[in-house]
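Reminder, nothing fancy here: chain letters follow the sequence lines and each chain counts from 1. Predicted model, so just to flag it, every value in this text is computed and none were measured.
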Protein chains: 2
Amino acid sequence: MSASDPRKNSKRPDVHLEVGRRFAKHKQRYSNKRRAIVSLLETADKPLTITEILRRSKNTKGRRDEIAQSSLYRNLSVLEDVGAIQRVASTDDLSRYELTEDILGHHHHMLCSSCGEMRDVKIPHHLEAELNATFKRLAKKSGFKLAQHRLDLIGRCKNC
Amino acid sequence: MSASDPRKNSKRPDVHLEVGRRFAKHKQRYSNKRRAIVSLLETADKPLTITEILRRSKNTKGRRDEIAQSSLYRNLSVLEDVGAIQRVASTDDLSRYELTEDILGHHHHMLCSSCGEMRDVKIPHHLEAELNATFKRLAKKSGFKLAQHRLDLIGRCKNC
DNA sequence: GTTCGTGCAAATACTTTGCACGTAT
DNA sequence: ATACGTGCAAAGTATTTGCACGAAC
């Protein structure tokens, strides 16, 4: 399923190396726990909730990657500050996180209005280009400093 | 500012009449408090947070439109159930509400990653059409029942 | 040894719920 | 009279913070 799983297909340099660079730039330490979080997000094919990250950190076959909830929150905040991850909103009120677009590659989400699940999707390049051009114009008109856009499909997933 | 304030410009039938119809259809009462909430959302040129709705309900020059917090939450839930309003997510974790798209008209948001503020914007019809076509195809491929899409500009607003 | 990371428990913020009373049908 | 709406206060969740201890520089 190449279309529905864009993360696995995109070539990208070593994520830890890149994240490590960003930690260095911000004079922060790239600890093992932080590495573990990044690994989880890298492996997932969708943004993860706090609960999902906690659960997965415990299932990492007995390693010392288990993370306390408070540390997780704190680390997510730091990871966001150094530009390694970003928070994405679904239809429910659970926070979800994914690697930033410049690491993961630009993509969009298909999200279920019933259970809140998100899946990654990509759209054709020419559409992206057209969107960007339009947005740039709109932003300029409003004195808005455009950083990125988000575009999601909302509906019901197979399981709901 | 016609481009940055799409709600004021679009002609639409009386909102209370339409919302009233939806309440009737669901055999629910369209009480004064509920009317007051709808009026606030109709007047705003952006989605409102709980706090904003509460504050504004108190500023309605001495009228009995003041709403208790618990009632507000309950009413927002009912309003959502009858299809009058919808919850929209920004970059912070505050819930925001606006009238549903079929009442308010399809539009998008420009949202500030710093303060969470959202403003309404519209994009050209042909772009919308192209997006819809692409999405329909993507959804079909994944067994996903597409209901709507959301497309937002993210950046920094004039004030931040 | 000083600075930063971690875990636990307590505190806070946002949202939901139970219950008694008021309002509309 | 009955069903539904409202407000208050209590309960539930999600998230943040204080503090003591441990690890990294």
> On DNA chain C, which is the earliest and which the latest nucleotide, 5' to 3', with an atom closer than 4.0 Å to a heavy atom of chain A?
Replying inline: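 Using the under 4.0 Å cut-off, the span is dT3(C) to dA9(C).
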>> Using the side chain to side chain contact (heavy atoms under 4.5 Å, CB included) criterion, which residues pair with Arg21(B)? Sequence neighbours excluded.
In response: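 Arg21(B): side chain to side chain contact (heavy atoms under 4.5 Å, CB included) contacts with Leu17(B), Glu18(B).
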>> Applying side-chain hydrogen bond (donor to acceptor under 3.5 Å, both in side chains) as the test, list every pair that has at least one member in residues 67-80 of chain B; sequence neighbours left out.
In response: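 Non-adjacent pairs meeting side-chain hydrogen bond (donor to acceptor under 3.5 Å, both in side chains): Arg34(B)-Asn75(B).
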>> Whether the side chain of Asp152(A) engages the backbone of Arg150(B) through a donor-acceptor N/O pair (distance < 3.5 Å, no angle test) should be reported.
In response: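 Checking the backbone N and O of Arg150(B) against the side chain of Asp152(A), no donor-acceptor pair under 3.5 Å is found.
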> Given that Ile67(B) and Lys27(B) both sit by DNA chain D, which one's nearest nucleotide is further toward the 5' end?
Replying inline: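 Result of the comparison: Lys27(B).
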>> Judged by each residue's nearest nucleotide on DNA chain C, which is more toward the 5′ side, Ser70(B) or Arg29(B)?
In response: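 Here Ser70(B) is the residue nearer the 5' end.
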> Going by side-chain heavy atoms closer than 4.5 Å, which hydrophobic residues are tied to Leu111(B), directly or by a chain of links?
Replying inline: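 Direct or chained contacts put Leu111(B) with Val88(B), Met118(B), Ile154(B).
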> At under 4.0 Å, does any side-chain N or O of Ser95(A) touch on OP1 or OP2 of dT15(D)?
Replying inline: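 Checking dT15(D) against Ser95(A), a side-chain N or O does come within under 4.0 Å of OP1 or OP2.
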> Taking CZ from Arg96(A) and P from dT15(D), how many angstroms apart are they, rounded to a whole number?
Replying inline: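 Taking atom P of dT15(D) as the reference, CZ of Arg96(A) is at 11 Å.
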> Just checking Ser71(A): base, sugar-phosphate only, or nothing, at a heavy-atom cut-off of under 4.0 Å?
Replying inline: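 Base contact.
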> Using the ring of each side chain (for Trp, its six-membered ring), is His149(A) parallel, tilted or perpendicular to Phe135(A), with breaks at 30° and 60°?
Replying inline: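 Ring orientation of His149(A) relative to Phe135(A): perpendicular.
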>> Strictly below 4.0 Å, N to O, side chains only: are Arg119(A) and Glu117(A) in salt-bridge contact?
In response: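 Yes.
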> Taking DNA chain C as the partner, which of residues 73-92 of chain A come within under 4.0 angstrom of it by heavy atom?
Replying inline: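 Contacts with DNA chain C under 4.0 Å: Arg74(A), Asn75(A).
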>> Based on the rotation axes of five pairs at each end, what angle does the helix from dG1(C)-dC25(D) to dT25(C)-dA1(D) bend through, to 10°?
In response: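 Taking the rotation axis at each end, their angle is 30°.
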